Number of protein chains: 2
Amino acid sequence: MDGSVQQRSGAVDKRRQILDAAVTVFARQGFHATRVSDIADEAGVAYGLVYHYFNSKDQVLNELFLERWSLLLAAIGEAERTAGSHRDKLAAVAGFIFESYRHDPELMKVIIVEVTRAANSFGRTHLEEIRRAYEGIAKIVADGQAAGEFRADIAPRFASQAFYGAVEQLLTEWIFDNVQPADAHFEEARNLLVTTICDGLEPR
Amino acid sequence: MDGSVQQRSGAVDKRRQILDAAVTVFARQGFHATRVSDIADEAGVAYGLVYHYFNSKDQVLNELFLERWSLLLAAIGEAERTAGSHRDKLAAVAGFIFESYRHDPELMKVIIVEVTRAANSFGRTHLEEIRRAYEGIAKIVADGQAAGEFRADIAPRFASQAFYGAVEQLLTEWIFDNVQPADAHFEEARNLLVTTICDGLEPR
DNA sequence: TCAGCCTGATTGACTCGTCAATCAGGCGAT
DNA sequence: ATCGCCTGATTGACGAGTCAATCAGGCTGA
């Protein structure tokens, strides 16, 4: 009769607890360097319980990635649909990504370091999902070109890569520094990013 | 009496052979997934010989990275010193990186995937070296601002990140696709990159 | 109401394969 | 005969995943 979809008793959701612990530990040690027992310890849970909820260590990371990436894809679609100028749309996308970092730096670190940039392991596994984001951005650029807001002599796919690459590199700096930038920095980063790239995309 | 710096006999340089084999195998399987025996097999050499020349599997990768990264740092210094406008200097830097990929895609793949973008493992180890490159690029931007070629309201360090991030993301696409782009693509990539970023950096 | 049953959550010792690194010895050149 | 390149079997650590046992709480029928 209660609204929650908990499995049986009113116990805390252990599954969620394990996922959250995994984020912390993956962020701290990296995926390869964390043992499943580290996750269990961090979650305050027995080793075997991780395998009760997940098939493998990999699946834990997959779950974390998909959970958040789907939000990004949704945000891109949303920006495409609602924001004003195409420049604004790109700003909205960059804003969402920076905002994700502000909201949960550990999770973003894990996603970027272990998935998005891991061309040999999870990056390859989730290539399709990742590319869906690039394509969304490319579509905004293409529409902007059609509308005459952006110069037409730059391939949208190319612009999309440059845009996303710049965003991710900025985040990577924060990740390396293990820094939680002040609110003002987020605003600034988004604005400068959009200024630099979009001005570069404008017709001359 | 011969010009080479070989260790003793006239035998082929096994050390080099091992390094080259490592590049191939690291590129194919990723660092974590390759066993030292894979390297030895690829090099046509006994397992133990790897440990004759290197202290550890890690050291093999370190060697590969430093070997090439020092060339990049040299190229940045060179560009800073010689090329004409500051835009040309940035074009020279981007050109060198793209050229490195054209010359040896496997090596660049390994360096980017396993070092430059590996915030939890080798990226952290070599952070200082990596940053030296960012700083070199930032210096070019700063000089360009001082010369009035670039707008002054964008932090050089920031522009540097955006620039390098865009370059690396483009390379990453080729890496994911396992593609050896035609010569024309390199030229095009460099030009578009410089166009996009530098135009964005220009005073309005 | 309550005993007994049942289900599924939870535990952690254990297995089993994998691999980095070592080492003792062989071989060829000088 | 000696030195240093070279070999590959062996060792030992380590960690993912398994599994049999325990536990808790709800549900049944009398």
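What you see is a predicted model, and the numbers here were worked out from it, not measured in a lab. What's counted below: heavy atoms across the whole structure, side chains too, no hydrogens, waters or symmetry copies. Naming: A, B, ... by sequence-line order, numbering from 1 per chain.
Computed from coordinates, the A/I39 CD1 to D/dG17 P distance equals 10 Å when rounded to whole Å. Spacing between atom CD1 of A/I18 and atom C1' of C/dA9 amounts to 11 Å, rounded to whole angstrom units. In this structure, A/Q59 places its CD atom 15 Å from P of D/dA16, rounding to the nearest Å.
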What nitrogen or oxygen pairs link the protein and nucleotides 12-15 of chain C at under 3.5 Å?
residue : atom : partner : partner atom : Å
C/dG12  : N7   : A/G48   : N            : 3.2

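Ring geometry for A/Y101 against A/W174 counts as tilted: the plane angle lies between 30° and 60°, on a 0 to 90° scale.
Phosphate contact (OP1/OP2 of D/dT7, side-chain N/O of B/Y51, threshold under 4.0 Å): absent. Contact check, A/H52 against C/dT10: no side-chain N or O comes under 4.0 Å of OP1 or OP2. Between B/K14 and D/dC6 there is a side-chain N or O to OP1 or OP2 distance below 4.0 Å.
For the pair B/R102 and B/F186, the cation-pi criterion (under 6.0 Å, within 45° of the ring axis) is fulfilled. Cation-pi check for B/K57 over B/F31 is met; the charged atom lies under 6.0 angstrom from the ring centroid and within 45 degrees of its normal.
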Report task. Test side-chain contact (heavy atoms from CB on, under 4.5 Å) on B/K89 and B/E149 and set out the steps. Result -> CA-CA 12 Å; B/K89 293 181 203 288; B/E149 283 180 44; over 6 Å; no
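Shown for residues 27-38 of chain A: residues whose heavy atoms fall under 4.0 angstrom of DNA chain D, namely A/T34, A/R35, A/V36.
Of the possible polar contacts, none joining the B/Q169 side chain to the A/Q161 backbone as a donor-acceptor pair under 3.5 Å is found. Between the A/T196 side chain and the B/G200 main chain, no donor and acceptor come within less than 3.5 Å of each other.
Under 4.0 Å is where a charged nitrogen must lie from a carboxylate oxygen, and between B/K139 and B/E135 no such pair does.
B/R28 places a side-chain heavy atom less than 4.5 Å from the side chain of B/V25.
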